[in-house]
Amino acid sequence: ADEVLRHLLGQPLPVRPKNLEVIILDFDVDEYGYVKAIRTNSGTDPELGKALIVGLSSLPKFEGARKGEARATSHCGFSYTVDELFPAMTAPTAAAAVPPAVASTAEAPAASGPTVIKSGDHLITGVFTSPSAHPACAKGKPGAKAGIRAEDQLACTAEEVLKRIRATLKAEAPAYMDMMVIDFDIDEYGDVKTIRANCASEPELGKAVIVALYGMPQFVAAKKDGARARSHCTFHYPVAELFTKP
């Protein structure tokens, strides 16, 4: 993540955006280490998104992933604050950037950088003090424990998303079982936006998963010091789990 940020800091970028706090980047790394399918979530600033994609297109060849002795594909996702991408506006050097804070409770301490909630391979990122959650997993809901940890909410949310896929997915199980990476935004009203699903070996399956996730219920929105805030969710599932009936 540091090397990707360092690479971007050496690229020409447009002016600092006014209405963004966090930028989400993701891309595939094929079995030979080449960066593919670069995507960015730059909100209402499409020119910044295009510039970031151009900047990332010149990334050097990666060390490819391996499964046993065989080469394997992988997927990378990174979250950076606007302050980190435009350090000249706030700090003398990129080295002064503060690493993201990792929250361990449902109420995260206020921080200038992004908050990262992690549970296994699942993530919620954004600038918030209380993370978003599936309505079945929100603090204080029936069946939920008072004071539920942020990681518990995330694990519950990941399970609810998986249940939704299993119930509505219209696709055949592929012969080669890879990983499925799903990510989407939660706006300040709790609405799910910009759903993406990536399976390096089965791109058509990714499209079917996106369709399966349409119509998800409104989430409980993240909050920053009491005010509504946006967040970004990323989930990793083995493809086999999508076709396993409970």
Fill in the blank from the handout: Heavy-atom nearest pair, Ala138 first then Val220, reads CB-CG2, 3.5 Å
Completion exercise
When every non-hydrogen atom of Gln153 is compared with those of Cys137, the smallest separation belongs to CG-O, 3.5 Å
Exercise for the section: Would you confirm whether His122, through its side chain, and Ala158, through its main-chain N or O, come within 3.5 Å as a donor-acceptor pair? Expected result: no
Exercise for the section: Considering non-hydrogen atoms only, spot the tightest contact between Ile182 and Met180 and give its length. Expected result: CG1-CG, 3.7 Å
Handout entry: Straight-line distance of Glu151 CD to Ile117 CD1, nearest 0.5 Å
Key = 6.0 Å
Exercise for the section: Please examine the side chains of Met216 and Val161, heavy atoms only from C-beta on, and report whether any two atoms are closer than 4.5 Å. Expected result: yes
Exercise for the section: Evaluate side-chain contact (heavy atoms from CB on, under 4.5 Å) for Leu52 paired with Leu25, printing each intermediate quantity in order. Expected result: CA-CA 9 Å; Leu52 290 170; Leu25 315 170; 3.9 Å; yes
Practice task
Report yes if the side chains of Leu169 and Phe243 come closer than 4.5 Å at any heavy-atom pair, otherwise no.
Solution key: yes
Completion exercise
Taking every heavy atom of Leu13 against every heavy atom of Ala51, the minimum-distance pair comes out as CD2-CB, 4.1 Å
Problem - Heavy-atom check, side chain of Thr125 versus side chain of Lys118, under 4.5 Å - result: no
Exercise for the section: Please round to the nearest 0.5 Å and tell me the distance separating atom OG1 of Thr234 and atom CG of Asp183. Expected result: 5.0 Å
Handout entry: Distance, nearest 0.5 Å, that separates CZ of Arg166 from NZ of Lys163
Key = 9.0 Å
Exercise for the section: Heavy atoms only: give me the nearest Leu85-Leu9 pair and the separation to one decimal. Expected result: O-CD2, 3.5 Å
Problem - Joint hydrophobic cluster, Val181 plus Val35, side-chain heavy atoms closer than 4.5 Å - result: no
Completion exercise
By ring pair (Phe, Tyr, Trp, His ring centres under 6.0 Å), His75 pairs with (sequence neighbours left out) none
Handout entry: Check: Ile124 and Ile186 side chains under 4.5 Å, non-hydrogen atoms
Key = no
Problem - Atom pair OG1/CZ of Thr81 and Phe86 - distance to nearest 0.5 Å - result: 10.5 Å
Handout entry: Minimum side-chain heavy-atom gap Arg228-Phe128 below 4.5 Å
Key = no
Exercise for the section: Can you label the angle between the Phe219 ring and the Phe184 ring as parallel, tilted or perpendicular, going by 30° and 60°? Expected result: perpendicular
Practice task
Mind listing the closest non-hydrogen atom pair of Glu84 and Leu5 along with its distance?
Solution key: O-CD1, 3.8 Å
Exercise for the section: With the side chain counted from C-beta on, respond yes when Gln11 and Ser58 share a heavy-atom pair under 4.5 Å apart, and no when they do not. Expected result: yes
Exercise for the section: Evaluate side-chain contact (heavy atoms from CB on, under 4.5 Å) for Gln218 paired with Asp187, printing each intermediate quantity in order. Expected result: CA-CA 10 Å; Gln218 189 177 52; Asp187 70 12; over 6 Å; no
Exercise for the section: May I ask you to decide if Ala133's main-chain N or O and Thr157's side chain share a donor-acceptor pair within less than 3.5 Å? Expected result: no
Handout entry: Under 3.5 Å donor-acceptor, His7 side chain and Gly55 backbone
Key = yes
Handout entry: Short N-O contact, Arg230 and Asp191, less than 4.0 angstrom
Key = no
Handout entry: From Cys76 atom SG to Ile38 atom CD1, the distance as rounded to the nearest 0.5 Å
Key = 11.0 Å
Problem - Ile210 side chain near Leu213 side chain, heavy-atom distance below 4.5 Å - result: no
Practice task
Would you mind listing the cluster partners of Tyr32? Hydrophobic ones only (ILVMFWY), side-chain contacts under 4.5 Å, chaining allowed.
Solution key: Tyr34
Handout entry: Point-to-point distance, once rounded to the nearest 0.5 Å, from NZ of Lys36 to OG of Ser57
Key = 11.0 Å
Exercise for the section: Begin from the C-alpha positions of Ile24 and Thr40 and carry the test side-chain contact (heavy atoms from CB on, under 4.5 Å) through to its verdict. Expected result: CA-CA 6 Å; Ile24 308 294; Thr40 69; over 6 Å; no
Handout entry: Within one Ile-Leu-Val-Met-Phe-Trp-Tyr cluster: Phe235 and Val211, side-chain cutoff 4.5 Å
Key = yes
Handout entry: Of all pairs that satisfy salt bridge (Lys or Arg N to Asp or Glu O under 4.0 Å), the ones with a partner from residues 60-79, not counting sequence neighbours
Key = none
Exercise for the section: Check whether any side-chain heavy atom of Pro131 lies under 4.5 Å from a side-chain heavy atom of Ser231, and answer yes or no. Expected result: no
Practice task
Report yes or no: do Val54 and Val15 belong to one cluster of Ile/Leu/Val/Met/Phe/Trp/Tyr joined by side chain heavy-atom distances under 4.5 Å?
Solution key: no
